[in-house]
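Inspection log for the structure reproduced underneath, given as structure tokens.
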Amino acid sequence: MRELTFVGLSSDGRHLLLVAQNAGEYLLRIDDRLASALRREGERLRGQPTDLGPMPTNPTPREIQERIRAGMSVNAIAAAAGVGEESIARFATAVLAERAFIADQARESTIRFEDRTVSLGKAVVERLTPGGIEASTVRWDAWRRADGDWTVVCAYPFDRGERIATFGFDPTARRVWPD
């Protein structure tokens, strides 16, 4: 079996460019299955839960909220449990509000940026604006880590996709750091 190495995206953004050592270049079409697999792997790599165990077929409200707090989406939990999203969503509202609150707290926390103290949110906007990214297109989220701190995610549009920046956040100390 030949090992391929990822080089980048094709100019149209619909294929991955891959190369094999001494064997040429390859294009891999990005279909729905590949895009979904890459999203799932990206979520896993950004610190989302992998150790919560298998999803029960009839999760309790506490199990649902634990997974939402750890970063899983309503539709991911529903799909894993084999139930409708509406049966999961009714237990997710408060925890999703908590995640949004934590993301807002982190965004308002001050950091050292270019020899001055500013909020994380302002620093992100100042960094992205020269690249033509509007502040209104930046999406913030957060989820709780196993150690009690939080991962804060700043997602923004880039080319035909999205780029992600992650930060660690301790809400008690109001301390934020690059992840």
Side-chain angles (χ1 to χ4, degrees), residues 9 13 30 32 34-52 55 59 61-81 85-86 88-179:
L9 285 175
I30 303 173
D32 290 339
L34 178 59
S36 177
L38 291 172
R39 273 192 301 277
R40 280 192 311 273
E41 183 64 10
E43 288 174 358
R44 186 188 70 75
L45 292 174
R46 289 190 302 268
Q48 290 193 345
T50 58
D51 59 349
L52 292 176
M55 176 65 67
R62 184 176 184 161
E63 289 169 327
I64 292 167
Q65 290 178 339
E66 179 181 70
R67 289 170 191 272
I68 294 288
R69 188 169 284 110
M72 290 183 73
S73 66
V74 169
N75 61 349
I77 294 171
E85 287 185 28
E86 62 282 347
I88 301 298
R90 63 184 172 166
F91 301 112
T93 305
V95 180
L96 290 172
E98 177 187 25
R99 285 172 46 180
F101 176 75
I102 292 293
D104 287 343
Q105 277 193 322
R107 199 169 66 216
E108 294 168 7
S109 294
T110 57
I111 62 168
R112 293 289 300 158
F113 178 69
E114 296 179 352
D115 298 328
R116 59 195 167 95
T117 302
V118 298
S119 70
L120 173 64
K122 183 173 175 132
V124 166
V125 168
E126 285 182 20
R127 181 66 65 151
L128 296 177
T129 302
I133 297 168
E134 296 179 31
S136 63
T137 63
V138 177
R139 184 175 51 82
W140 293 85
D141 195 4
W143 56 81
R144 191 167 204 155
R145 300 175 181 187
D147 66 4
D149 286 337
W150 290 75
T151 294
V152 176
V153 176
C154 168
Y156 55 93
F158 186 80
D159 286 337
R160 290 183 170 87
E162 188 175 66
R163 285 262 170 102
I164 305 285
T166 60
F167 304 89
F169 180 59
D170 176 352
T172 304
R174 305 241 346 161
R175 187 173 68 91
V176 65
W177 60 90
D179 213 3

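We use all heavy atoms of the structure for the numbers below, so side chains are in, but hydrogens, waters and symmetry mates are not.
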Smallest separation among heavy atoms of Ile164 and Val153, with atom names: CG2-CG1, 3.5 Å
Pair listing, side-chain hydrogen bond (donor to acceptor under 3.5 Å, both in side chains) test, anchored in residues 119-137, at least two apart: Arg116-Glu126
Heavy-atom pair with the smallest gap, counting every atom of Ala123 and Ile111: CB-CD1, 3.8 Å
Qualifying residues under side-chain contact (heavy atoms from CB on, under 4.5 Å), relative to Ala142, sequence neighbours excluded: Ile102, Ala103, Trp150, Val152
Atom pair CZ/CG of Arg107 and Asp104 - distance to nearest 0.5 Å: 4.5 Å
Residue pairs fulfilling salt bridge (Lys or Arg N to Asp or Glu O under 4.0 Å) with at least one residue in residues 161-177, sequence neighbours excluded: Arg139-Glu162
Closest non-hydrogen atom pair, Trp140 against Gly121: CZ2-CA, 4.1 Å
Atom of Ser109, atom of Phe169 and distance for their closest heavy-atom approach: OG-CE1, 3.3 Å
Test side-chain contact (heavy atoms from CB on, under 4.5 Å) applied to Asp115 - qualifying residues, sequence neighbours left out: Arg112
Salt bridge (Lys or Arg N to Asp or Glu O under 4.0 Å) against Glu98, all qualifying residues, sequence neighbours excluded: Arg69
For Ala89, all residues meeting side-chain contact (heavy atoms from CB on, under 4.5 Å), sequence neighbours excluded: Val74
CZ-CG distance between Arg144 and Asp147, expressed to the nearest 0.5 angstrom: 9.0 Å
Closest approach of Cys154 to Val124 (non-hydrogen atoms, all atoms of both residues): SG-CG1, 3.5 Å
